[in-house]
Amino acid sequence: MAEAKISFRNVAKVFGAGANAFTAIQNLTFDIDDGEIVTVVGPSGCGKSTAMNMVAGLMSQSSGEVLVDGKPVSRPGPDRGVIFQQYALFPWMTVRENVEFGLKLQKLGKVERRQRAMHYLGLVGLADFADSYPKTLSGGMKQRCAIARAYAVNPTVLLMDEPFGALDALTRVKLQNQLLETWSKDKRTVMFITHDVDEAVYIAHRVIVLAANPGRLQEIINVDLPFPRDDEVRLSPEFAEIRNRVWRAVYHRDTEAA
Amino acid sequence: MSVVSDIAVSEPGNRRWAPGNLFWAALSFAGGIGLWWLATVAGFSELPTPWSVLTRLIELGIDGQLWLDMYASLRRVLIGFALGSILAVPVGFLMGWYNIARALIDPWIQFFRVIPPLAIIPLAIVTMGIDETPKIFVIFLAAFLSAVVSTYQGVISVDKTYINAARVLGASDGTIFARVIIPASTPFILVGFRIGLGSAWATVVAAELIAAQSGLGFRMQQAQLYYDLPTIFVSLVAIGILGLIMDRVVVRVEERLTHWQERV
Ligand SMILES: Nc1ncnc2c1ncn2[C@@H]1O[C@H](COP(=O)(O)OP(=O)(O)OP(=O)(O)O)[C@@H](O)[C@H]1O
Ligand SMILES: [Mg+2]
């Protein structure tokens, strides 16, 4: 059996202690394969960000194992690029300095740093804004810059927490296509959290649906749609059918409870 | 002493003066001086006329006394302010970064913050003598307390997302401190400097009223003994102008260092 890129093994996360203890995630087990795009959906508070932060090494699990390349995650590292919902660009650095930040940490020389940064800024269409400060960028441009910053350090895993959540529908579709296009070249492993069921289906090989209270696995849905994905795929009946399945999986419990 | 944070960090955007504003400010000043002049001419008050104040200003300027007084006051403020700020920044960072440092230092700061710096003067004079040291010490205290509180506030309010973003790119604690915490808290620190300089200036003048042989405050106190109103006015105007200049300088520095900030 090929080793999974990311593995959750019986993972639980409890916040607080004693009477205030709160189980955010319980008994979570799943794998993400190398080069696979997996989206994670589920109601608010079901532990999506928590799960991702554990892969990123920003948070530790209370029990169970979180593995990347078969090794337990102990700390953050540039092998796992993270793209946050709030962009998290450093406002005191220019666009290029933001992208160069991670490269500097890898002790790359000035010239190479600059070249790499400009290369990735070109990819996301921000070359002309290299010397601008983030405050002058639109939301979509900020997110593209954050993507360039994450890509520049050449991570093997991309962790994206509702990266396009704050963007308008048009920009969002553009960035989804851009993500897929880049993926078709480099085949990185992607773990992508979203609230948008359409988005979850459109970009993914598999959709992981989590349930809330406590956060746990609800269902894993395969997306048997061809790549490259385009509008034709998005408008196809097969797409609609899978989307409906995901939709039902996400909202199932709510309708039952109501 | 006024305390941090009621001056919003986003304020600089509104501080810019359009040329039109300058015109209205000049008009407003001219109007105020006109009223003052009218009041003195009509005999409503015992204020000196604007004219006599101007004459005294020129006298004191030519005489050199005014410059000496300004120098004496400025020197105290700048030394005290510099020492206070230089110490406040590392202490503030320490408090923001290490909980233990915060737990150890914070009670002292909270305690001294509620004591007006001037109230320290009697103690300072008894223990430090009557030369420059007690005055500078009191100013140092005033500047330090303002700057330390805002530095500390700045550090603890750094958005966690920035820290996480740096960590996932491979940054060590040291790098995060230098490249994230320091720049992110700079706006707060500068607000602290601004407030600190303001309270240092207020403190020096008051300290000179109580215990000094030179400086603008001392000059006013002397003038008061001789009922010399024009000199009191000249000193007040000098205090106002110098305070304003220092404030503008800090605002300029602030604008330069935090130009990246989104202003609401
Ligand atoms: N640091 C924390 N301390 C205590 N509780 C926390 C902490 N972080 C998250 N939680 C709780 O854990 C649960 C899962 O949070 P998480 O942020 O992972 O949800 P999510 O699925 O990402 O939600 P959303 O879709 O709203 O982003 C929530 O109930 C939240 O209140
Ligand atoms: Mg979340």
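To find a chain, count down the sequence lines: A is the first, B the second, and so on, and within it residues start at 1.
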### Task
Specify whether A:Tyr133 and B:His259 have parallel, tilted or perpendicular ring planes, treating 30° as the upper limit for parallel and 60° as the lower limit for perpendicular.
perpendicular
### Summary
To the nearest 0.5 Å, atom CG of A:Asp161 lies from atom OG1 of B:Thr161 at 10.5 Å
#### Entry: Most contacts with chain B, counted as non-hydrogen pairs under 4.5 angstrom, among A:Pro91, A:Ala150, A:Pro155
A:Pro91
### Query
What pair of heavy atoms forms the shortest contact from A:Lys142 to B:Glu262, and how long is it?
NZ-OE1, 3.9 Å
#### Entry: Region of A:Leu89 that comes under 4.5 Å of a non-hydrogen atom in chain B
backbone
#### Entry: side-chain hydrogen bond (donor to acceptor under 3.5 Å, both in side chains) partners for A:Arg188, two or more places apart
A:Asn154, A:Asp186
## Note on the structure
If you tally heavy-atom pairs under 4.5 Å between each of B:Gly170, B:Pro183, B:Ser172 and chain A, the highest tally belongs to B:Pro183
### Message
Does anything in residues 60-78 of chain A reach chain B? List residues with heavy atoms under 4.5 Å apart, or say none.
### Response
A:Pro76, A:Gly77, A:Pro78
### Query
Going by heavy atoms in the side chains, are A:Arg149 and B:Leu169 under 4.5 Å from each other?
yes
### Query
OH of B:Tyr162 to CD of A:Gln86: how many Å apart, nearest 0.5 Å?
9.5 Å
## Note on the structure
Residue set satisfying side chain to side chain contact (heavy atoms under 4.5 Å, CB included) with B:Ala171, at least two apart, ordered chain then number -> A:Phe101, A:Leu105, B:Ala166, B:Thr175, B:Ile176
### Query
Side chain of A:Trp92, backbone of B:Arg179: donor and acceptor closer than 3.5 Å?
yes
Distance-only check: which donor-acceptor pairs under 3.5 Å involve side-chain atoms of residues 110-129 of chain A, not counting sequence neighbours?
from     : atom 1 : to       : atom 2 : distance (Å)
A:Arg113 : NH1    : A:Leu108 : O      : 3.3
A:Arg116 : NE     : A:Ala152 : O      : 3.3
A:Arg116 : NH2    : A:Ala152 : O      : 2.9

